[in-house]
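In what follows, a structure is listed as structure tokens, so that the remarks can point back to it.
All values reported here derive from a predicted model rather than from experimental measurement. Counting begins at 1 with the first residue of the sequence. Values reported hereafter were calculated over all heavy atoms of this structure, with side chains retained and with hydrogens, waters and symmetry mates removed. Whatever order the structure lists them in is the order used to number ligands and atoms, beginning at 1.
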Amino acid sequence: MAADFSGDGAADILGVDTTGNLLYYPHNGSALSAPVRIGHGWGFFKHVMAADFSGDGKADVLGVDASGNLLHYPHVGSGLGSPVRIGTGWGAFPHVMASDFSGDGKADVLGVDASGNLLYYPHNGNGLSAPVRIGHGWGTFRFVL
Ligand SMILES: [Ca+2]
Ligand SMILES: [Ca+2]
């Protein structure tokens, strides 16, 4: 995932390795620095996204766990804080994305449901509002980003 985790205006890279470690590769100006482990146990997640959900300029991490819960891990200090559940029933979504679709500085969530509908869940300041269908026919896409 590419997102500005440090808040310096340049995108960093986050990844989940085969053992479930969440690794952060800081952008140092010309390349990537050595990775820092900022979490573990991420191997069971169906979806993992990095986007600024809180609106403080630093990317947070969102994940859909094995039970279909959509969890927000806020970026606090140098790492991630305790997760907050911001949705349920996401387990059947083949694609889930977090990005500031509305342009208010806070990431919204978009998902492709099992029927191929592209749904937009606006960030309302406290959490996610009811979804708006903004497209259909996305079920056959291998990647949606
Ligand atoms: Ca943030
Ligand atoms: Ca937004």
Open item on the list: I'd like to know whether I13 forms a side chain to side chain contact (heavy atoms under 4.5 Å, CB included) with M1, so could you lay out the CA-CA distance, the side-chain angles of the two residues, the decisive distance to 0.1 Å, and finally the verdict.
Closed with: CA-CA 6 Å; I13 303 289; M1 302 163 278; over 6 Å; no
- [ ] Start with the C-alpha gap between I134 and F101, add the side-chain angles, then the distance that decides, and say whether side chain to side chain contact (heavy atoms under 4.5 Å, CB included) holds.
- [x] CA-CA 11 Å; I134 58 172; F101 192 72; 3.8 Å; yes
- [ ] Decide side chain to side chain contact (heavy atoms under 4.5 Å, CB included) for W42 and V48; before the verdict, give the C-alpha distance in whole Å, the side-chain angles of both, and the deciding distance to 0.1 Å.
- [x] CA-CA 8 Å; W42 288 84; V48 182; 3.8 Å; yes
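Taking the Ca ion (ligand 2) as reference, the nearest N/O/S atom within D104 carries the name OD1. Considering just the N/O/S atoms of D100, the one nearest the Ca ion (ligand 2) carries the name OD1. Here the N, O or S atom of D52 that is nearest to the Ca ion (ligand 1) is OD1. D108 has its closest N, O or S atom to the Ca ion (ligand 2) at the position named OD2.
Centred on the Ca ion (ligand 2), the OG atom of S102 and the O atom of K106 lie at an angle of 170°, reported to 10°.
Rounding to the nearest 0.5 Å gives a distance of 11.0 Å between OG of S99 and CG of D52.
Between H123 and F53, the gap from one ring centroid to the other is short of 6.0 Å.
Among the atoms of G103, none of the N, O or S atoms falls under 3.0 Å from the Ca ion (ligand 2).
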